[in-house]
Trainee: 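Quick one: the structure is below, questions incoming.
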Amino acid sequence: MKERIDGLRAAFNEALAKATDAAALEALRVEFLGKKGHIAELMKGLRDVEDKKTAGQLINTLKNEVELAIANAETALKEAEIAAQVRSAKKYNPTLTFGRETGSYHPITLATREVVEIFETMGFTVENYDEIVDDYKCFEALNIPKHHPARDMQDTYYLENGQLLKTHTSAAQNAIMKKYGAPLRAIFPGRCFRNESTDACHENTFFQMEGMMIDENISISNLIYFMKTMLSEVFKRDVKVRLRPGFFPFVEPGFELDINCEICGGDGCPSCKNSGWLELCPCGMIHPNVLEEGGIDTEKYTGFAFGLGLTRLAMMRYGVKDIRDFNSGSLKSLSQFKSR
Ligand code: FA5
C-alpha cells in the first residue's frame, strides 16, 4: 500500500506542475479526489490490508496534501488573473479583490452595534470616552471618596502619573453631565479594566455600556421600561430577568438586574457560577450628590443610570460559554460570527 501511495503522490506532483489553468486543476481534483478517484480507490483497497490503521493514516495524509495543493494552486491562479487585470486596467477598480480569507466583526462589536442602534432609536446620544481617566472621574465624582469600601470591588491598573485604567463606564458620567447639562439621554460604551482573577464569567478587560437619562420627573418606572425594551429588542423575545436591591454609592435606590443564564437555562453551570443567574445590568436612580457634582439642578431634575455588561450580554446573546474566548484571539471561535 505504501508504495502505491508514494507512486500516486509522485504522479500528482508531476501533473500539478503541468496544470496551468482552472480546467486542468479541476480535472486533477476529480482524478484524485472524485467519487471514483484514486483516493476513493485506495480507501476501497483498505479492506484487503492487514494494518488498516497505518494505511488509513497514509491515505488521509495524501488526501490532505492533494486538497491543500489544489486549493493553493487555485488561489495562486486567481491572484495571477487579478494581478493581470490590475496591470491592464486603465482606472482604479474597487471591485477587484484578492481571494484572501475575509475578516469578520468581533462579537462584542456586533453586540455593541445592536444595543447602540436600539438606544439611538429611543433618542439617546452615543458618546465615546477615554480608557485612561483620573481618580476623580472614576471614583470621587461618583460619590466614592478615597478609602470608601466600594473601591475594593474595583481594583485596577494605575499609571505612574496617578491616572488609572477605568474600571467602569460610569467614569464618564460626570464629564457627560458637564458637557450636555439637563435634560440628557446618552449611552457610552467602552472598555473597562479590573485587576481581578478571571473565570468563565469574569475578565480583566471587558466591555460595558453606560446609559443615563436625566430630565424632569424621571422615575424608576422609566428605568424599568428602558431596560425591558432593550433586552427584548436584543434577544427578540422575552427573557427571564430579576431585579433585586443593589448597592452602588452613585445611585439611590440601586438595583442589580440579573438575566437567567441562557447557557444552562437556569440549572446552573460554570458560565453563571452555578447560580442560574448572571449579573448583567446594575442600575438605579442617580444619587443627588452625583448630579450636583455634574452641575445638574437637583431641585428640577432626576435621572437614572445603568451599567450594562456588554461582554456578558454577548455571552448570553451568542451562547458563548466562557467569557475568555472573546479576548482569546482564536479565529476558530471568533470567525464563527462571519456570516452575522
Ligand atoms: C458597575 O460597574 C457600575 N458602574 C454599574 C452601574 C452603573 C450601577 C450605573 C448603577 C448605575 P458592576 O461592577 O456590577 O457595576 O459591573 C457592571 C456589570 O459589568 C456587571 O453586572 C457585569 O455584567 C459586568 N462586569 C463587571 N465586572 C466584570 C468582569 N470582571 N468581567 C466581565 N464583566 C464584568
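For ligands, and for the atoms within them, numbers begin at 1 and follow the listed sequence.
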Trainee: Before signing off on this row, confirm whether E279 and ligand 1 have an N or O atom pair separated by under 3.5 Å.
Mentor: yes
Trainee: Looking at atom 13 (O) of ligand 1, what's its closest protein heavy atom, distance included?
Mentor: R194 NH1, 2.8 Å
Trainee: For ligand 1, note which part of C201 has a heavy atom under 4.0 Å away: side chain, backbone, both or neither.
Mentor: backbone
Trainee: Tell me which protein heavy atom sits closest to atom 22 (C) of ligand 1, plus the residue, atom name and distance to 0.1 Å.
Mentor: R312 NH1, 3.4 Å
Trainee: Distance to 0.1 Å, residue and atom name: give those for the protein heavy atom nearest to atom 15 (O) of ligand 1.
Mentor: F248 CE2, 3.4 Å
Trainee: Quick check: F207 with F326 (ring centres under 6.0 Å apart)?
Mentor: no
Trainee: I'd like to check which ligand 1 atoms, numbered from 1 as shown, lie under 4.0 Å from a non-hydrogen atom of E196.
Mentor: 29 (C), 30 (N)
Trainee: Can you name the one residue among E3, E14, E65 that meets salt bridge (charged side-chain N to carboxylate O under 4.0 Å, His left out) with R9?
Mentor: E65
Trainee: Side chain of T205, backbone of F193: donor and acceptor closer than 3.5 Å?
Mentor: no
Trainee: Using a strict cut-off of less than 4.0 Å between a Lys/Arg side-chain nitrogen and an Asp/Glu carboxylate oxygen, indicate whether E279 and R244 qualify as a salt bridge.
Mentor: yes
Trainee: Centre-to-centre under 6.0 Å for F306 and F226, is that the case here?
Mentor: no
Trainee: Checking a contact table here: which protein heavy atom is nearest atom 33 (N) of ligand 1, and how many Å away?
Mentor: F206 CD1, 3.5 Å
Trainee: Report the part of Q208 (side chain from C-beta onward, or backbone N, CA, C, O) that has a heavy atom under 4.0 Å from ligand 1; answer both or neither where that applies.
Mentor: side chain
Trainee: Tell me: protein heavy atom nearest atom 31 (N) of ligand 1, and distance?
Mentor: E203 N, 3.0 Å
Trainee: What about L8 and I70, same hydrophobic cluster or not, with Ile/Leu/Val/Met/Phe/Trp/Tyr joined at side-chain heavy-atom distances under 4.5 Å?
Mentor: yes
Trainee: Under a 3.5 Å threshold, yes or no: a donor from one side chain and an acceptor from the other, between E127 and Y180?
Mentor: yes
Trainee: What I want to know is whether E256 and ligand 1 share at least one N or O pair that is separated by under 3.5 angstrom.
Mentor: no
Trainee: Report yes or no: does a heavy atom of F250 sit under 4.0 Å from some atom of ligand 1?
Mentor: yes
Trainee: With no hydrogens and no angle check, is any side-chain donor or acceptor of D215 less than 3.5 Å from a backbone partner on I218?
Mentor: no
Trainee: Under a 4.0 Å heavy-atom limit, does P282 contact ligand 1 with its side chain, its backbone, both, or neither?
Mentor: both
Trainee: Geometry only, no angles: is E210 polar-contacting ligand 1 at N/O separations under 3.5 Å?
Mentor: no
Trainee: Give the atom numbers and elements of ligand 1 that come within less than 4.0 Å of a heavy atom of I323.
Mentor: 32 (C)
Trainee: Does the ring center of F32 lie less than 6.0 Å from the ring center of H38?
Mentor: yes
Trainee: Which of the atoms of ligand 1 are close to G309, meaning less than 4.0 Å from one of its heavy atoms?
Mentor: 19 (O), 23 (O), 24 (C)
Trainee: May I ask whether M153 has any heavy atom positioned less than 4.0 angstrom from an atom of ligand 1?
Mentor: no
Trainee: Report the C-alpha distance between E293 and Y136 in whole Å, list the side-chain angles of each, state the deciding distance to 0.1 Å, and finish with yes or no for side chain to side chain contact (heavy atoms under 4.5 Å, CB included).
Mentor: CA-CA 11 Å; E293 197 65 32; Y136 171 78; 2.7 Å; yes
Trainee: Side chain or backbone of L280 under 4.0 Å from ligand 1, or both, or neither, by non-hydrogen atoms?
Mentor: backbone
Trainee: Pick one of side chain, backbone, both or neither for how T311 approaches ligand 1, counting any non-hydrogen atom pair under 4.0 Å.
Mentor: neither
Trainee: Check for me whether C283 has a heavy atom closer than 4.0 Å to any atom of ligand 1.
Mentor: yes
Trainee: Of the options R151, Q154, Q208, which is the one that meets T167 in a side-chain hydrogen bond (donor to acceptor under 3.5 Å, both in side chains)?
Mentor: Q154
Trainee: Would you mind checking if E81 and K78 are paired as a salt bridge, meaning a charged N to carboxylate O distance below 4.0 Å?
Mentor: no
Trainee: Can you tell me which portion of H202 lies within the under-4.0 Å heavy-atom range of ligand 1? Options are side chain, backbone, both, or neither.
Mentor: both
